[in-house]
Structure formats: C-alpha cells, structure tokens
Amino acid sequence: MVSNPARARVAVVGSLNMDLVARAPRLPQPGETLAGQSFAQVPGGKGGNQAVAAARLGAQVAMVGCVGADANGAQLRAGLEAEQIDCAALETSERASTGVALIIVDAGSQNAIVIVAGSNGEVTPATLSRHEAVLAAADVVVCQLETPPDTVHAALAAAHRLGKTVVLNPAPATGPLPAQWLPLIDYLIPNELEAATLTGLPVRTPDEAAAAAAALRNAGARNVIITLGAQGVLAALGDAAPAHFAAPRVSAIDTTAAGDTFIGGLAAQLAQRAPVGDAIRFAQRAAALSVTRAGAQPSIPTRAEVDAS
Ligand code: ADP
C-alpha cells in the first residue's frame with residue numbers, strides 16, 4: 001500500500017445531517033400514531049459520513065459545508081473535530097436549521113426516511129468561493145448530491161480547474177447528470193440504484209453494470225466505479241475493459257454507510273497516490289468491515305483495522 005500522509009489531503013463538499021432514528025414494530029399508516037421502541041440521535045449525511053470515513057482511513061480531511069446555529073449543528077461540528085477533520089470551511093447559518101433525517105425502522109429493518117436539507121441548502125457557489133483555498137490544498141475533492149446542484153457543479157468545476165482528482169458520488173440520484181458535469185469528474189461512483197437512475201438501464205449484475213458503465217463513459221465520464229453491494233464493484237477505468245472486483249465475503253449485519261465507507265476509503269487511497277486497483281481493493285475491505293457492524297458512522301473502520309483485516 002502506498003503511504004504518503006503528507007500528500008493525503010481530501011476535501012469533502014457535502015451534507016451534514018442529524019439522523020433521528022426511531023424503531024417501531026412497523027411503519028405507521030397515514031394519520032396513524034404508533035408507539036416506538038427506541039430512539040437514537042446519530043450524526044449522518046453522506047458528506048459527513050464520507051469525511052469521517054476518509055479521516056479514519058488515513059487522509060487529512062477538510063469539510064466544506066454548513067450547519068445551523070443550533071444544538072444539532074454544534075454536535076455535528078464537534079463530531080467532525082473529534083475525528084481531526086478541519087472544520088474551518090464548515091459555516092454556520094443564522095437562518096436555516098441543521099439538516100435532519102427522520103428515520104423510522106421497522107422490525108424487518110425496512111425504513112422510511114424524510115430528509116429536511118435545512119442548512120445544507122445554504123452551501124452555495126459563494127461558500128465555495130470563500131473557501132477555495134481548502135479545495136486548492138486538497139489532492140482529492142469529493143462531492144455528493146445532497147447540496148444544491150449549482151453548488152455541486154461549482155465544486156466540480158473549481159476542483160477540476162485546480163487540477164484535483166474529482167470524485168462524485170451521485171447520491172441521491174434523481175435522473176441523468178447534466179452533460180457538462182461529466183468532463184469535470186475523474187471518478188463517478190454510483191451504487192446500483194443510482195447507476196440505473198443515471199442511465200435508465202437495469203443494473204442488477206456485474207454484466208448489467210458493465211453496460212451502464214459503458215453508457216456513462218460514452219456520455220463523457222472518464223472512470224466509472226459502480227458498487228454492487230455484496231456483489232462487489234464493477235470498474236470501467238479509462239479505455240480499459242470493465243473489471244469486476246468481487247467483495248470480500250463477510251456476514252453482513254447492517255449495510256448502512258457501506259457506500260460512504262467505500263467512497264471515503266477510495267478517496268483516502270487516491271490522495272496517497274495509490275494505483276486505482278489497489279485503492280478499490282482497500283475501499284472494499286473497509287466497506288466489508290463496516291457491514292459487519294451496526295450503525296452508520298460508528299461502523300466505519302480505521303486504517304489500522306483494515307490493514308489488520
Ligand atoms: P450503498 O451503501 O451506497 O448502497 P453498496 O451497497 O453498493 O453501496 O456497498 C458499497 C460497497 O460496500 C460494495 O461495493 C462492497 O464493496 C461493500 N459491501 C456492501 N455490502 C456488502 C456485503 N454484504 N458484503 C461485503 N461487502 C459489502
């Protein structure tokens with residue numbers, strides 16, 4: 001494994017949410033009030049999760065985002081700082097409350113989720129202009145789709161202009177990506193549902209993923225890595241033939257944040273100039289460990305744990 005921590009800098013431009021998780025015997029019907037069994041308040045948001053993953057997995061991480069001037073915001077900031085994540089570019093909105101995800105989980109582990117973006121909607125192109133030095137100091141810049149589209153576009157464009165390795169996790173995906181985004185992205189990393197949404201093609205197997213990756217490359221994406229849960233990863237890198245990377249076999253108990261762990265681990269490795277195949281295998285080992293543990297951020301392993309796995 002390549003290790004050059006002095007260069008391993010990752011900037012994450014993205015969302016931070018407080019996840020409010022209630023467990024109930026079943027999901028409520030419209031109009032129904034249901035007694036739940038437990039409640040937990042857990043730091044989340046794809047941006048926050050990926051920042052934590054990249055930090056635990058070996059990178060120096062800076063977070064570009066926005067929380068509200070409230071208790072949830074203070075707790076999210078403190079959580080990132082406890083991971084040694086640089087929060088100088090994490091702003092505090094005076095008008096919007098911190099993003100929240102209201103999550104109900106039933107006895108069969110099905111869930112229903114309402115996300116209120118709140119302060120994540122205040123991450124604007126102007127935010128990026130104020131903190132361009134953070135992007136300039138990074139080796140790898142990671143974005144998702146939980147901040148406004150104009151912001152994502154501006155982040156991709158700035159990172160590309162600055163010569164950074166640009167990673168987009170197109171989550172949540174609602175349709176094809178704008179065509180002008182694709183040349184700005186070095187690594188486009190959807191899961192199978194997102195790849196299907198981006199392309200309109202079925203993506204259930206590595207072969208179907210290869211077809212979807214080919215469609216995304218034809219549309220202008222340089223490198224496409226589709227995560228397929230326990231089926232591993234389909235990577236279409238440059239002009240090379242698509243390659244399937246099988247996932248390590250583990251007994252999964254909770255796949256929450258598997259994708260975020262994969263993205264953070266991959267970004268940390270790319271920042272250390274690891275060859276992309278090695279970076280994928282490392283990220284898969286990290287994600288495999290995460291699915292053997294409960295929860296989102298608590299399940300994300302450290303680099304030492306991955307090295308020992
Ligand atoms: P998401 O969490 O976005 O839905 P995936 O479910 O595709 O993402 O998981 C991301 C990566 O995590 C996979 O490519 C794989 O490497 C790893 N992973 C997920 N589920 C498992 C599993 N059951 N066993 C081993 N690895 C897994």
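Here, residue 1 is the first one in the sequence, and each next residue gets the next number. We count ligands from 1, going down the list as the structure has it; atoms in each ligand are counted the same way.
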Under 4.0 Å from one or more heavy atoms of A252, ligand 1 contributes atoms 23 (N)
Which of the numbered atoms in ligand 1 are below 4.0 angstrom from a heavy atom of V233?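 Numbered from 1, ligand 1 contributes 14 (O).
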In terms of residue, atom name and distance, what is the protein heavy atom nearest to [atom]?
atom: atom 16 (O) of ligand 1; value: Q284 CG, 3.6 Å
atom: atom 26 (N) of ligand 1; value: A247 CB, 3.8 Å
atom: atom 4 (O) of ligand 1; value: N191 ND2, 3.2 Å
atom: atom 2 (O) of ligand 1; value: G259 N, 2.9 Å
atom: atom 24 (N) of ligand 1; value: V250 CG2, 3.6 Å

Ignoring hydrogens and geometry beyond distance, is a side-chain donor-acceptor pair present between [X] and [Y] at under 3.5 Å?
X: H131; Y: E91; value: yes
X: T256; Y: D254; value: yes
X: T98; Y: D70; value: yes
X: Q144; Y: D260; value: no

Check your understanding: Does Q231 reach the side chain of P206, with side-chain heavy atoms less than 4.5 Å apart?
Key ->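 Yes; the side chains approach each other to less than 4.5 Å.
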_Is the shortest side-chain heavy-atom distance between L289 and V306 below 4.5 Å?_
yes
* Using heavy-atom distances, let me know which of A287, A296, P248 sits nearest atom 17 (C) of ligand 1. =>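 That would be A287.
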Heavy-atom proximity to atom 15 (C) of ligand 1 ranks first, among G229, A258, G232, for G229
message: Is there a continuous path of hydrophobic side-chain contacts, each under 4.5 Å between heavy atoms, that joins F282 to I189?
response: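 F282 and I189: separate clusters.
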Original post:
Would V167 and L216 show up in the same hydrophobic cluster when neighbours are defined by side-chain heavy atoms closer than 4.5 Å?
Top reply: no
Relative to ligand 1, is [X] under 4.0 angstrom through side chain, backbone, both or neither, heavy atoms considered?
X: L228; answer: backbone
X: A230; answer: both
X: T227; answer: both

